[in-house]
Structure formats: C-alpha cells, structure tokens
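Computed from a predicted model, the values in this text were never measured in an experiment.
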Amino acid sequence: MTYLAITVLATMTLYYELYVGGSVSTLILTNLHMSFTVLRLTLAFGALIGAFGSLFAGLTDRFGRANLVVFGLFFTAVFVAFVLPAATDKWTFTIEGFVVGFVEGVCLVATPALIRDFSPQVGRATAMGFWTSGPVIGSLIVSVVGTATIPPSSRPAVLDPRVPHLRHRRPGRVRDRADRAQGTVPGAA
C-alpha cells in the first residue's frame with residue numbers, strides 16, 4: 001500500500017507540473033511579453049511532444065519503471081521550479097516547455113505500469129481507482145496554487161465586460177446596453 005501511495009503522489013506531482021503553466025498563464029504572458037496565441041500553441045505542442053514522448057516508454061523495460069519515474073520527477077521538478085521561471089524570453093520558455101513535455105510523456109505512461117506492479121497488494125481495480133485520483137487531485141492543487149499565486153490585479157480581463165477592447169466579444173444586447181450606458185453607441189454622433 002505504501003508503494004501505491006507513492007505512485008499516486010508521483011502521478012499527482014506530474015499532473016501538477018503539466019497543468020501549472022496554464023494556471024499562471026497571465027503572469028507568463030506579461031513577464032515574457034508573449035501573446036496568448038503563442039502561449040496556447042506552446043502548451044498544445046508541449047502536450048503533443050509529451051504524447052510522442054510516451055512512445056519512448058519502452059525504455060522502462062530497460063531502465064526500470066520506478067527508476068524512470070524517479071529520475072523523470074526529479075528532472076521535471078527542477079525544470080518547473082527553477083528553469084522555466086528563469087526564462088527571459090518566450091522562445092527559451094517554449095523550448096524548455098517542450099523538454100518538460102517530453103519527459104512528462106515518458107513518466108506519465110510509466111505510472112500506470114507501476115500501479116499494475118503494486119496491484120496484487122490491494123487488487124487491480126482498487127489500485128487503478130487510486131491512480132485516477134492523481135490527475136484529479138493534481139488539477140485541484142494547480143487551481144489552489146494558481147489562485148494563491150496570481151495577484152487580484154492580474155486576473156483575466158476576459159471576465160470583465162467593461163474592458164473596451166473586448167467589447168466585440170460580448171453578446172449583442174449586452175454590448176449595446178453597455179455602449180448606451182457609456183454614451184458610445186456605434187454610429188451615433
């Protein structure tokens with residue numbers, strides 16, 4: 001049961017590291033002077049590279065699943081905690097994110113195999129049930145950390161309908177009412 005708990009904790013950590021970039025995206029956008037499109041493509045291609053990294057999970061048979069997960073966790077933890085925050089421009093951040101995505105892809109595929117290895121102790125269905133809590137709890141931890149990290153002034157402006165450059169994204173009636181209230185009805189002199 002102890003090994004199972006450690007594996008679930010490793011899965012939670014890997015999913016936390018996978019989702020943390022999106023949770024603090026407003027800080028990344030402002031600090032690296034990155035457009036939202038570039039950040040979105042960076043995170044998407046990082047996930048795609050992680051999917052291709054999972055194809056290399058066959059290395060687990062050669063080096064051992066536990067060894068691969070431990071070294072992968074150490075590598076991604078160092079990158080997410082120290083290397084990615086130290087990025088000075090968007091391209092450095094992008095390349096480093098791709099490297100983390102690749103390593104996480106290999107590690108995330110190895111964790112269910114570890115669960116299978118430890119399942120005789122508690123039963124396979126129970127073990128896989130514990131494993132599925134890893135992504136969920138990892139996502140919840142990301143939400144809590146993101147909320148605590150981002151100052152209130154950096155919250156997304158998309159949620160604030162009073163922001164003028166987002167006026168075209170609001171539904172027509174809401175936009176027209178807001179424009180009339182501000183005296184800026186389009187076409188009015």
Side-chain angles (χ1 to χ4, degrees), residues 3-119 127-147 149-150:
Y3 295 123
L4 179 64
I6 291 171
T7 306
V8 171
L9 185 63
T11 305
M12 287 174 13
T13 305
L14 285 166
Y15 275 96
Y16 169 80
E17 293 170 349
L18 182 66
Y19 296 141
V20 74
S23 74
V24 293
S25 60
T26 54
L27 296 175
I28 294 170
L29 293 173
T30 55
N31 290 342
L32 298 179
H33 307 291
M34 183 184 285
S35 70
F36 180 70
T37 303
V38 172
L39 178 64
R40 185 179 54 191
L41 289 173
T42 296
L43 295 176
F45 280 117
L48 183 66
I49 289 171
F52 283 113
S54 68
L55 297 174
F56 291 94
L59 296 173
T60 59
D61 296 333
R62 180 174 290 162
F63 298 113
R65 292 180 185 117
N67 291 335
L68 201 63
V69 170
V70 168
F71 289 121
L73 271 172
F74 177 75
F75 180 82
T76 56
V78 168
F79 256 68
V80 170
F82 301 111
V83 177
L84 283 172
T88 56
D89 64 352
K90 61 184 172 186
W91 300 115
T92 305
F93 177 83
T94 299
I95 304 262
E96 292 167 352
F98 290 169
V99 171
V100 170
F102 180 82
V103 175
E104 282 183 347
V106 174
C107 292
L108 284 173
V109 170
T111 55
L114 280 175
I115 293 291
R116 266 195 331 265
D117 292 345
F118 303 135
S119 64
M128 291 309 281
F130 281 125
W131 179 79
T132 58
S133 66
V136 174
I137 295 172
S139 299
L140 292 174
I141 293 171
V142 163
S143 298
V144 169
V145 170
T147 302
T149 303
I150 299 173

Open item on the list: Within this structure, what is the CZ-CZ distance for the pair F45 and R40, rounded to the nearest 0.5 Å?
Closed with: 11.0 Å
Open item on the list: Taking side-chain contact (heavy atoms from CB on, under 4.5 Å) as the criterion, tell me which of L18, I49, T76 meets it with V100.
Closed with: T76
Open item on the list: For the OG atom of S133 and the OH atom of Y15, what is their distance to the nearest 0.5 Å?
Closed with: 11.5 Å
TODO: Search all heavy atoms of G97 against all heavy atoms of L84 and return the closest pair with its distance.
DONE: N-CD2, 3.8 Å
Task: Approximate separation, where rounding is to 0.5 Å, of L73 CG and E104 CD - done: 9.0 Å
Task: Least distance between heavy atoms, S23 atom then G146 atom - done: OG-CA, 4.1 Å
Task: Separation between OH of Y19 and OG of S143, rounded to the nearest 0.5 Å - done: 10.5 Å
Task: Minimum-distance pair of heavy atoms, taken over all atoms of E96 and A87 - done: OE1-CB, 3.7 Å
Open item on the list: To the nearest 0.5 Å, what is the distance between CH2 on W131 and CE on M128?
Closed with: 5.5 Å
- [ ] Write down the atom of I28, the atom of G21, and the distance for their closest heavy-atom approach.
- [x] CD1-O, 3.5 Å
Open item on the list: Less than 3.5 Å apart, any donor N or O on the side chain of T42 or T94 sitting next to an acceptor on the other?
Closed with: yes
Open item on the list: For F79, is the CZ atom crowded, meaning more than 12 foreign heavy atoms sit under 6.0 Å from it?
Closed with: yes
Task: Which atom of P135 lies closest to which atom of T11, heavy atoms considered - done: CD-CG2, 4.0 Å
Open item on the list: Please find the pair of heavy atoms, one from P85 and one from A81, that lie closest to each other, and give the distance.
Closed with: CG-O, 3.4 Å
Task: Gap separating the CH2 atom of W91 from the CG atom of L32, nearest 0.5 angstrom - done: 11.5 Å
